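Comments concern the structure below.
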Amino acid sequence: MMKKKLLFVIPSLLAGGGQKSLINLLSQIDYQRFEVDLLLFSQTGAFMNAIPKEVQVVELSYHHPAFAEHLAKSVTTLIKHRQFKLAYARLMFAALNRFVRNTASSEQYSWKYLKRSFGMLDREYDVAIGYLEKSSIYYIVDRVKAAKKIGWIHTNYADSGMIPSMDEPYFKQLDKLVTVSEECARSLKETFTKLTDNITVIQNIVSPRIIKSQSNREPSTLPKFDGEFTNIMTIARLSHEKGIDMAINACSLLVNQGYKVKWYILGDGAEREALEKQIMALELQDNFILLGIQENPYPFIKNADMYVQPSRYEGKSIAIDEAKILNKPIVVTNYESAKDQITDGVNGLLVEMSDVGISKGIEVLINQFELRESFIQSLAEEQMGTEEEVYKLYDII
């Protein structure tokens, strides 16, 4: 039987939910049936070493590789080679990404300049999959030859800041638009009413067996959790939508009320410097600790007392599923898709999306031992594995 040729496209493998979701999916694919290529705009990120050995990482095809250099060098080289239109596109790409305040729409606006740097891929595929919203999807539509094209949305579209009129022409050219939860599907169907038949749900793949096994491999960077403190864990990119600024303020409220808490954050991102300044201003250096990116986050979750997700919006959080698998009491802000994962008062707490709401939820879990234990018991009984979601992708293929 001839193997089908699949191409997955994603900008990079920097630590994030979508990137981890892709690695989990690639780990489940049947390589007896499929030949898989992975195209990255930048071959960087914490998950590069986690790519399955069967996956071939392919090189981007550039009209001129200088486009990928730093701005000054890129423009100088392109002008030297009389690539004036590309030099202009490089300047506009940089300007839009720097000056358009909404980072979601800046990627949309800048694509028309970025795509000028890319040539068509030489190889043809049975299926091309843009595994992250925006440029991944735009790329497979504009620069890949494939019998079938699939786009993947990992967030709640209504909350994302993306501009529907810029996405719709691309979504119309897809054979399927996949998203990660029923709430995210509802948001897409309400926004793109003419495309409802093409929208489907494939949950993020999580493996309880792998997560529990890796949680026992304690890294040298694991902090010594102090038994006199309530040790809180959050995994999140350091960006506005993840609400780490609210978490810092919530931590300050708890400390000022006399609670002994240490709150650890795994992740990195554009807001790190601003968040460090906020921590310093509130004198929380000993209470709110940014640990950066960790390839194996599971021992950190396992050894914490509770898990908190302070997001402003999410698609379907992989980190929450991982905390559930490790039976951690959980506090989650009540963004639209939170109910897809947490039933309030049964397997976690849903709280108001504010500094005060987050702090009150943590306070409840600190003070109510029986409630914490009931959450742990409920999570232990929950069926969490989603490995079979890969068959939904096979059906589409």
Side-chain angles (χ1 to χ4, degrees), residues 10-24 42 44-50 103-104 132-133 154-155 159-160 180 204 206 211 214-215 218-223 225 231-251 261-280 284-285 287-326 328 330-333 335 337-338 341 353 355 358 362:
I10 196 167
S12 73
L13 288 178
L14 294 172
Q19 290 81 358
K20 179 178 283 189
S21 169
L22 175 58
I23 292 297
N24 290 347
S42 173
T44 56
F47 298 125
M48 287 297 296
N49 293 333
T103 55
L132 210 59
E133 47 274 359
H154 290 267
T155 190
D159 295 330
S160 69
V180 294
N204 291 321
V206 291
I211 289 169
Q214 292 190 0
S215 73
E218 296 191 355
S220 60
T221 52
L222 188 71
F225 291 101
N231 296 283
I232 303 168
M233 185 59 62
T234 295
I235 301 176
R237 187 170 58 255
L238 303 185
S239 57
H240 177 73
E241 67 270 19
K242 298 300 182 180
I244 304 302
D245 56 318
M246 290 193 294
I248 294 170
N249 289 335
C251 184
V261 298
K262 286 186 181 289
W263 196 329
Y264 299 92
I265 308 294
L266 293 184
D268 211 340
E271 289 197 350
R272 186 182 185 101
E273 185 177 344
L275 296 172
E276 286 174 339
K277 289 179 179 177
Q278 186 182 353
I279 292 166
M280 292 280 287
L284 293 174
Q285 298 94 315
N287 303 95
F288 202 95
I289 300 105
L290 304 179
L291 293 173
I293 294 169
Q294 299 290 331
E295 190 170 329
N296 178 10
Y298 308 122
F300 295 80
I301 301 172
K302 177 187 173 183
N303 287 281
D305 296 304
M306 68 177 73
Y307 184 87
V308 177
Q309 195 73 39
S311 301
R312 290 183 167 91
Y313 67 88
E314 291 276 354
K316 188 176 183 186
S317 167
I318 293 179
I320 290 176
D321 279 346
E322 292 168 340
K324 289 171 69 178
I325 286 168
L326 294 172
K328 289 292 123 175
I330 298 171
V331 176
V332 180
T333 44
Y335 50 82
S337 60
Q341 293 175 279
M353 194 186 297
D355 312 345
I358 296 166
I362 295 170

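Side-chain atoms are counted along with the backbone in the values below, which use heavy atoms only and exclude waters and symmetry mates. Computed from a predicted model, the values in this text were never measured in an experiment.
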Subject >> I358, V332, I248 screened by side chain to side chain contact (heavy atoms under 4.5 Å, CB included) with P310, the one that passes >> reply: I358
Original post:
Are the side chains of R312 and T333 in touch, meaning some heavy atoms are under 4.5 Å apart?
Top reply: no
Original post:
Is there a side-chain contact between K316 and D321 (heavy atoms, below 4.5 Å)?
Top reply: yes
**OP:** Please report the closest heavy-atom contact between S12 and Q19, naming both atoms and the distance.
**Re:** O-CG, 3.4 Å
**OP:** Would you tell me whether S311 and E314 have side-chain atoms, one donor and one acceptor, within less than 3.5 Å of each other?
**Re:** yes
Original post:
With no hydrogens and no angle check, is any side-chain donor or acceptor of N204 less than 3.5 Å from a backbone partner on V180?
Top reply: no
Subject >> Sole candidate of I244, I289, I232 that passes side chain to side chain contact (heavy atoms under 4.5 Å, CB included) when paired with W263 >> reply: I232
Original post:
What heavy-atom pair brings F300 and P223 nearest, and what distance separates the two atoms?
Top reply: CE2-CD, 3.5 Å
**OP:** Under the side-chain contact (heavy atoms from CB on, under 4.5 Å) rule, what do L238 and I265 come out as? Steps first, then yes or no, please.
**Re:** CA-CA 9 Å; L238 303 185; I265 308 294; 3.9 Å; yes
**OP:** Might you confirm whether atom CD of E273 has over 12 heavy atoms from other residues, nucleotides or ligands at distances under 6.0 Å?
**Re:** no
**OP:** Could you tell me the separation between the OG atom of S21 and the NE2 atom of H154, rounded to the nearest 0.5 Å?
**Re:** 4.5 Å
**OP:** Using modelled atom types only, decide if a donor and an acceptor are shared between the side chain of N24 and the backbone of V206 within a distance under 3.5 Å.
**Re:** no
Original post:
Could you state the interatomic distance from NZ (K20) to CD (E322), rounded to the nearest 0.5 Å?
Top reply: 3.5 Å
**OP:** Please round to the nearest 0.5 Å and tell me the distance separating atom OH of Y298 and atom CD of E218.
**Re:** 15.5 Å
Original post:
Within the distance-only criterion (no hydrogens, no angle test), does the side chain of T234 pair as donor or acceptor with the backbone N or O of V308 below 3.5 angstrom?
Top reply: yes
Original post:
Could you give the distance from CG (L284) to CD (Q278), rounded to the nearest 0.5 Å?
Top reply: 8.5 Å
Original post:
Atom CD1 in I293, atom CZ in R237: separation rounded to 0.5 Å?
Top reply: 10.5 Å
Original post:
Closest approach of R272 and G267, non-hydrogen atoms and distance?
Top reply: NH1-O, 4.0 Å
Subject >> N231 side-chain N/O to D305 backbone N/O, donor-acceptor pair under 3.5 Å >> reply: no
Original post:
Does any donor atom in the side chain of S160 or E133 lie under 3.5 Å from an acceptor atom in the other side chain?
Top reply: no
Original post:
Hey, does F225 have a side-chain heavy atom less than 4.5 Å from the side chain of M233?
Top reply: yes
Original post:
When you look at I362 and M306, which way does the side-chain contact (heavy atoms from CB on, under 4.5 Å) test go after all the steps?
Top reply: CA-CA 9 Å; I362 295 170; M306 68 177 73; 4.0 Å; yes
Subject >> Distance-minimising heavy-atom pair for S317 and I320 >> reply: OG-N, 3.1 Å
**OP:** Over all heavy atoms of both residues, which pair between K324 and Q341 is shortest? Give the atoms and the distance, please.
**Re:** NZ-O, 2.7 Å
Original post:
Once you round to the nearest 0.5 Å, how far does CG of D245 lie from CD1 of I279?
Top reply: 11.0 Å
**OP:** May I ask you to decide if I235's main-chain N or O and Y307's side chain share a donor-acceptor pair within less than 3.5 Å?
**Re:** yes
Original post:
Where is the tightest heavy-atom contact between C251 and F288, given as atom of each residue plus distance?
Top reply: CB-CD1, 3.8 Å
